[in-house]
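One structure is given here, and the rest of the page talks about it.
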Number of protein chains: 2
Amino acid sequence: MTEQGFTTTRATSIVGISYRQLDYWARTDLVRPSLVDAAGSGSRRLYSYRDLLELRVIKSLLDAGIKLESVRKAFNYMREHMNGDIAAAHLVISGSDVMVCEGGELIDVMNRAGQGVLVNVLALGGVKLSLDQQIRAQDEQESREQRPPTPIASRRAV
Amino acid sequence: MTEQGFTTTRATSIVGISYRQLDYWARTDLVRPSLVDAAGSGSRRLYSYRDLLELRVIKSLLDAGIKLESVRKAFNYMREHMNGDIAAAHLVISGSDVMVCEGGELIDVMNRAGQGVLVNVLALGGVKLSLDQQIRAQDEQESREQRPPTPIASRRAV
DNA sequence: GCTCGTAGTTACGCGCGTGTCATCAGAGCC
DNA sequence: GGCTCTGATGACACGCGCGTAACTACGAGC
């Protein structure tokens with residue numbers, strides 16, 4: 001199921017960002033497609049599920065009002081310190097520090113917030129859930145659009 | 001003590017931002033000096049202690065990588081919902097929601113983070129503390145510079 | 001080999017400041 | 001009062017980051 005990888009257009013609609021934004025992020029090394037990278041005009045990028053997860057996390061951070069510059073720093077760190085089990089972890093950003101930690105350590109982190117430093121917390125499990133949900137929704141919609149003949153008419157309505 | 005209000009230059013050195021930044025914030029209505037606002041070229045702004053507190057909070061948010069746009073929204077809300085006892089409160093920003101709440105409710109907030117939404121937490125007490133500390137430090141330095149004769153020589157060194 | 005869709009590229013806009021200079025209020029001096 | 005001196009405000013142009021619009025170029029699949 002879910003054929004190998006995601007094209008840029010599928011990625012944009014699943015993650016909820018524009019093509020230009022995704023393109024810009026790829027060019028500026030924020031998230032490069034890990035399956036197939038672009039190789040000159042006319043080639044096609046191909047994103048992995050993991051890539052989508054990262055893209056979704058980034059979108060969450062941006063939506064929460066974090067500057068892209070901070071996001072870049074956070075991901076430079078995250079890429080080195082993530083060993084698989086994303087689901088239960090929390091991403092914590094505090095000033096220039098970034099951490100990925102489990103629920104228990106969270107209380108710890110909150111104490112650091114006492115010093116007058118702002119702390120950002122994002123549960124990665126929740127992000128993964130909503131991403132999966134979105135992928136399923138898109139799959140359904142696509143098969144609904146392709147199987148019943150309802151042919152060109154619906155396309156022209158746009 | 002601490003004569004009535006703070007001039008812009010004192011405010012910048014206490015809060016730790018540039019004059020142009022403070023000026024920009026005043027012009028764009030982020031933080032206006034509540035004691036004396038500018039009244040044409042040549043006039044002088046005068047900031048209250050409360051203003052400095054706000055400025056410091058804003059700096060904390062920016063240092064943590066929050067976009068100024070989000071900061072503006074947060075303050076529009078905060079100004080309506082702050083009734084004095086800042087010390088024990090936490091400022092919480094989550095997506096487009098802003099809250100000011102006490103320690104107990106924090107656990108509650110952390111649960112919201114489970115949904116895959118990012119949560120920003122800032123302890124206002126800590127901010128106040130470090131602000132007071134900074135003001136004292138500046139006061140001391142100033143009296144050290146003015147009392148002992150060590151006259152023009154030290155100024156020329158610049 | 002032709003079309004379609006994606007990548008590449010350039011110019012542009014907006015937000016957030018910064019550099020710079022003219023302008024002007026107020027303090028101090030005469 | 002009139003004068004200069006100081007230093008803050010106003011204003012305007014500019015730079016950087018983050019995209020977007022619009023157009024070109026090119027590869028893949030029919």
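Proteins come first, then strands; the chains are lettered A, B, ... in the order of their sequence lines, and each starts at number 1.
Between A/D23 atom CG and C/dG8 atom P there is a gap of 7 Å when expressed in whole angstrom units. The CD atom of A/E69 sits 20 Å away from the P atom of D/dG15 (whole-angstrom rounding). The distance from atom CG of B/L62 to atom C1' of C/dG15 is 13 Å, rounded to the nearest whole Å. Regarding A/L68, its CG atom lies at a distance of 5 Å from the P atom of D/dG19, rounded to whole Å. B/R32 places its CZ atom 13 Å from the P atom of D/dT9, with the value rounded to the nearest Å. The separation between B/L22 atom CG and D/dT9 atom C1' is 12 Å, rounded to whole Å.
A distance of 13.5 Å separates CE in B/M99 from CE in B/M78, rounded to the nearest 0.5 Å.
The side chain of A/R27 approaches C/dG8 more closely than any other nucleotide in the set D/dT9, D/dC18, C/dG8. Of the candidates D/dA8, D/dC18, C/dT18, the closest approach to any side-chain atom of A/Y24 belongs to D/dC18. Here C/dT6 is the nucleotide among C/dT6, D/dT6, D/dC18 with the atom lying nearest to any side-chain atom of A/T9. Checking D/dG27, D/dT6, C/dG8 against the side-chain heavy atoms of A/R44 singles out D/dG27 as nearest. With D/dT9, D/dC18, C/dG17 as the choices, the nucleotide that has an atom nearest any side-chain atom of B/Q21 turns out to be C/dG17.
Of the residues A/L55, A/D139, A/I135, A/T9, the one that meets the side chain to side chain contact (heavy atoms under 4.5 Å, CB included) test with A/I14 is A/I135.
Under a 4.0 Å N-O distance rule, the pair A/D132/A/R136 does not qualify as a salt bridge. Electrostatic pairing of A/R20 and A/D23 counts as a salt bridge here, judged by a charged N lying under 4.0 Å from a carboxylate O.
In the interface, the side chain of A/R20 is paired with the base of C/dT9 through a donor and an acceptor atom under 3.5 Å apart.
There is a side-chain donor-acceptor pair under 3.5 Å between B/S48 and B/D51.
Backbone-only contact: A/R45 has heavy atoms under 4.0 Å from sugar-phosphate atoms and none from a base. Using a 4.0 Å heavy-atom distance criterion, A/S18 is classed as a sugar-phosphate-only contact.
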